[in-house]
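A quick write-up on the structure given underneath.
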Amino acid sequence: MTAATGFMSENRPLRAYAWLIIVYLYAPIVILLAFSFNKSIYIAFPFKALTLDWYAKMLANAGLRQALWNSVLVGITASTLSTIIATLAAKAIARHNVPGDKAIVSLVSLPMVMPEIILGISLLVLLFALGLNLSLLTIVFGHIIICTPYALVIMISRFQGYDPSYEEASLDLGEGALATFWRVTLPLVWPGIASSLLLTFLISFDDFVVTFFVTGTDQTLPIFIWSQLRFPDRLPGVLALGSLIIIVSTALLIVVEWLRRRGEGALKTA
């Protein structure tokens with residue numbers, strides 16, 4: 001037996017374990033996708049028949065379309081504002097000696113480790129204390145809080161990943177701070193900004209717990225899906241909707257990873 005053959009045989013149990021973990025993680029998603037094409041309203045084998053009716057009924061649902069639009073609107077707003085906040089904060093932390101910068105980053109990162117139910121209750125109490133009516137605006141406010149830490153982590157790593165001498169050279173050649181940021185800094189950190197926008201949009205689009213506490217009469221998509229689960233005959237439509245969300249989310253995550261790798265490659269060649 002050669003060394004290569006021995007190495008491969010020794011790693012077979014490890015590979016089998018890895019495949020077992022993958023199957024365990026993704027089997028529920030595969031089952032969800034499969035039953036979205038089942039003609040029966042019951043989740044049980046064997047399939048009654050294959051159909052696309054649930055997708056057609058889902059797309060014809062006016063309440064679903066409105067909830068989808070609300071989620072997209074909230075997601076775009078929250079991801080844009082949180083990325084802007086994180087970009088400016090990351091530049092200040094990475095390029096200037098900000099007193100207590102580590103403590104600031106730790107405080108901003110608390111929503112990443114804090115139970116969302118605690119965060120949601122706290123936001124609800126704060127909004128009531130301020131006398132604000134629950135609406136899409138309060139949902140955006142809550143989502144900015146939970147999205148900004150993720151955006152900040154991405155942008156800090158991006159700012160710390162390139163040579164600041166590019167900015168210094170621009171300033172030495174007579175460009176102002178704003179022109180330097182626009183012409184030099186922004187092109188260098190753009191892949192990080194794009195990754196932050198996509199990731200925070202997905203976080204906002206997917207959030208249920210915080211949204212549940214700060215939502216008003218306008219439902220987002222997760223709240224709409226939760227409300228539909230109380231009716232057994234609407235479950236297949238929820239499965240069809242979930243299948244589409246999985247496909248779109250996977251595509252967006254692939255784009256995020258591609259942008260991240262592209263950004264790392266650009267920094268290595270810069």
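The model shown is predicted, which means the values in this text are computed figures rather than measured ones.
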One should read off an interatomic distance between T200 OG1 and F205 CZ, to the nearest 0.5 angstrom, of 13.5 Å
Same apolar cluster (I L V M F W Y, side chains within < 4.5 Å links), M114/L124: yes
How far apart are the C-alpha atoms of S82 and Y150, what are their side-chain angles, what is the distance that settles it, and do they pass the side chain to side chain contact (heavy atoms under 4.5 Å, CB included) test? CA-CA 9 Å; S82 61; Y150 295 93; over 6 Å; no
Does I118 share a hydrophobic cluster with V210, counting links as ILVMFWY side-chain heavy atoms below 4.5 Å and allowing steps through other members? yes
Going hydrophobic residue to hydrophobic residue with side-chain gaps under 4.5 angstrom, can you get from L25 over to Y17? yes
F212 to I223 - nearest heavy-atom pair and separation: CA-CD1, 3.7 Å
So, taking the atom named CD1 in I93 and the one named CD1 in I104, what distance separates them when rounded to the nearest 0.5 Å? 6.0 Å
Once you round to the nearest 0.5 Å, how far does OG1 of T80 lie from CD1 of I193? 11.0 Å
Residues 132-145 side chain polar contacts: donor-acceptor under 3.5 Å, at least two apart:
{"unit_1": "S135", "atom_1": "OG", "unit_2": "L137", "atom_2": "N", "d": "3.3"}
{"unit_1": "T138", "atom_1": "OG1", "unit_2": "S135", "atom_2": "N", "d": "2.9"}
{"unit_1": "T138", "atom_1": "OG1", "unit_2": "S135", "atom_2": "O", "d": "2.6"}
{"unit_1": "T138", "atom_1": "OG1", "unit_2": "V214", "atom_2": "O", "d": "2.7"}
{"unit_1": "H143", "atom_1": "ND1", "unit_2": "S204", "atom_2": "OG", "d": "2.6"}
{"unit_1": "H143", "atom_1": "NE2", "unit_2": "T211", "atom_2": "OG1", "d": "2.7"}

Evaluation steps, side chain to side chain contact (heavy atoms under 4.5 Å, CB included), between L244 and Y55: CA-CA 9 Å; L244 290 181; Y55 287 88; 4.0 Å; yes
Decide whether W190 and M155 are clustered together by the hydrophobic rule: side chain heavy atoms of Ile, Leu, Val, Met, Phe, Trp, Tyr closer than 4.5 Å, transitively. yes
I117 atom CD1, neighbour heavy-atom count above 12 within 6.0 Å: no
Let me confirm one number: the CG-CD1 distance from L88 to I85, rounded to the nearest 0.5 Å. 8.5 Å
Sequence-distant partners of S71, side-chain hydrogen bond (donor to acceptor under 3.5 Å, both in side chains), two or more places apart: none
Can you find a heavy atom in the side chain of I203 that is under 4.5 Å from one in the side chain of D207? no
Checking D218 now: which residues fulfil side-chain hydrogen bond (donor to acceptor under 3.5 Å, both in side chains) with it, not counting sequence neighbours? none
Return the set of residues passing side-chain contact (heavy atoms from CB on, under 4.5 Å) with A67 (not counting sequence neighbours), or none when no residue passes. L221, F224
So, do V125 and F128 sit near enough that their side-chain heavy atoms are less than 4.5 Å apart? no
Mind checking side-chain hydrogen bond (donor to acceptor under 3.5 Å, both in side chains) for S79 and listing every partner two or more places apart, or none if nothing turns up? none
Residue pairs, two or more places apart or on separate chains, that pass side-chain hydrogen bond (donor to acceptor under 3.5 Å, both in side chains) and touch residues 105-131: none
dist D206:CG -> I245:CD1 (nearest 0.5 Å) comes out at 8.0 Å
If I compare all heavy atoms of A90 with all of L152, which pair ends up nearest, and what's the gap? N-CD1, 3.9 Å
If I take atom CG from residue L119 and atom CD1 from residue I146, how far apart are they, to the nearest 0.5 angstrom? 7.0 Å
Verify same cluster id: Y24, Y26 (apolar side-chain graph, 4.5 Å): yes
